[in-house]
Enquirer: 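The following block contains the structure, expressed as structure tokens.
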Amino acid sequence: MEFPSRFLKKLEIYQQIRKGEGISRYKHLWKYEAAFLQYSYGGGHQHLSNFVSRSNFKKWIEYVTPFDPKTDEKKLNNVIANLFWRGYIDVVERINYKKTNIPFSQLKLGQKLLNRKEMAYVSNLFGGESNFDYRANQEGLLVGEVLNEINNKNPLSQIINKYKYNWVLDSIWLLVFYGLFKFIFPENIFRDIEKIHFGFSGLNLNYPILALIFIFLVWPLISFIIRRVLISIEK
């Protein structure tokens, strides 16, 4: 079992992803951002201290989703910039110590870690064959972990992981509605509803069984349909 605080972070990430908008509302770029983070957590980022070049950044996206950055370098620049400014990747600038007066030993192996808090956005900051390298940080890898769970190559694992997150989120809303129902309707009416029995072919299904069916099957399905309708309206 995961520690609750870590699971809640992953739950928040999934809630944004399942809305169809990813971690931001720039939907047309999210699938590329997600591809990099997913591959980083999965197969690419096994050595956490290592950074990857711009060319490898492209390849990691292409391992997950078709992307031809040669036709749109600006798109790739924006993907990198979005991940950097949201705090999901770290960026280092390679420095040629021979062109400076700083001893090589003081340059931390010739690389300078960029601090997003001390920088203003420049659209072409990471454009072209720049001297920057990249790696997913802890926040980015957490997003990548969620993406790997819900996009798992094993269909059964994918279904279980999605159901797990969806059920928790839907249960929270169900508790909210339950609380509102208890507040609005008199106690005696709610108690009468709980006593209802339904007969099917001579088999009596009491309220607890119906409640379990509703909580684990019917309510998640209703929530899914509502969510898809809302996403379609927004699009």
Enquirer: Is there a donor-acceptor contact under 3.5 Å linking the side chains of Glu149 and Tyr14?
Expert: no
Enquirer: About how many Å separate CZ of Phe67 and NZ of Lys31, when rounded to the nearest 0.5 Å?
Expert: 9.5 Å
Enquirer: According to a 4.5 Å side-chain heavy-atom criterion applied to Ile, Leu, Val, Met, Phe, Trp and Tyr, with indirect links allowed, do Val168 and Leu8 form part of one hydrophobic cluster?
Expert: yes
Enquirer: Tell me, please, which residues at least two apart from Asn148 pass side chain to side chain contact (heavy atoms under 4.5 Å, CB included).
Expert: Gln38, Tyr41
Enquirer: List in chain and number order the residues that pass side-chain hydrogen bond (donor to acceptor under 3.5 Å, both in side chains) with Ser157, two or more places apart in sequence or in another chain; answer none if no residue qualifies.
Expert: none
Enquirer: In this structure, would Tyr163 and Leu147 fall into the same cluster of hydrophobic residues linked by side-chain contacts under 4.5 Å?
Expert: yes
Enquirer: Checking one residue: Ile159. Which other hydrophobic residues are in its cluster under the side-chain 4.5 Å linking rule?
Expert: none
Enquirer: Quick one: list whatever passes side-chain hydrogen bond (donor to acceptor under 3.5 Å, both in side chains) with Asn161, sequence neighbours left out.
Expert: none
Enquirer: Let me confirm one number: the CD-OG distance from Glu145 to Ser40, rounded to the nearest 0.5 Å.
Expert: 13.0 Å
Enquirer: Atom CG in Asn50, atom CG in Asn56: separation rounded to 0.5 Å?
Expert: 11.0 Å
Enquirer: Could you pull out all residues at least two apart from Phe224 that satisfy ring-ring contact (aromatic ring centres under 6.0 Å, His included)?
Expert: none
Enquirer: Rounded to the nearest 0.5 Å, how far does CD1 of Ile172 lie from CH2 of Trp167?
Expert: 9.5 Å
Enquirer: Nearest heavy-atom pair of Ile89 and Asn137: which atoms, and what distance?
Expert: N-ND2, 3.6 Å
Enquirer: Sequence neighbours left out, what passes side chain to side chain contact (heavy atoms under 4.5 Å, CB included) with Gln158? Give chain and number order.
Expert: Asn152, Lys162
Enquirer: Less than 4.5 Å apart, side chain to side chain, heavy atoms only: is that true for Phe132 and Ile80?
Expert: no
Enquirer: Return the minimal non-hydrogen interatomic distance between Pro220 and Asp170, and the atom names on each side.
Expert: CA-OD2, 3.6 Å
Enquirer: With a 4.5 Å heavy-atom cut-off, do Leu169 and Arg18 have their side chains touching?
Expert: yes
Enquirer: A side-chain contact here means heavy atoms from C-beta on lying under 4.5 Å apart; do Asn82 and Tyr88 qualify?
Expert: no
Enquirer: Looking at every heavy atom in both Leu141 and Ala136, which two are closest together, and how far apart are they?
Expert: CD2-CB, 3.9 Å
Enquirer: Using the rule that Ile, Leu, Val, Met, Phe, Trp and Tyr join whenever any side-chain heavy atoms are under 4.5 Å apart, tell me whether Ile222 and Ile213 fall into a single cluster.
Expert: yes
Enquirer: Atom OH in Tyr39, atom NZ in Lys59: separation rounded to 0.5 Å?
Expert: 10.0 Å
Enquirer: Distance from Ile13 atom CD1 to Glu139 atom CD, nearest 0.5 Å?
Expert: 7.0 Å
Enquirer: Parallel, tilted or perpendicular: which describes the rings of Trp219 and Phe177, with under 30° parallel and over 60° perpendicular?
Expert: perpendicular
Enquirer: For residues Ile160 and Phe7: do they belong to one hydrophobic cluster (side chain heavy atoms under 4.5 Å, members Ile, Leu, Val, Met, Phe, Trp, Tyr)?
Expert: no
Enquirer: List the atom of Ala35, the atom of Thr65, and the distance in Å for their closest heavy-atom pair.
Expert: CB-CG2, 3.7 Å
Enquirer: Can you name the residues that form a side chain to side chain contact (heavy atoms under 4.5 Å, CB included) with Leu175, not counting sequence neighbours?
Expert: none
Enquirer: Would you call Tyr32 and Asn78 a side-chain contact if the rule is heavy atoms closer than 4.5 Å?
Expert: no
Enquirer: Only counting residues at least two apart or in another chain, list the ones meeting side chain to side chain contact (heavy atoms under 4.5 Å, CB included) with Lys9.
Expert: Leu142
Enquirer: Taking only residues two or more places apart in sequence or in another chain, which ones pass ring-ring contact (aromatic ring centres under 6.0 Å, His included) with Phe57?
Expert: Phe36, Tyr134
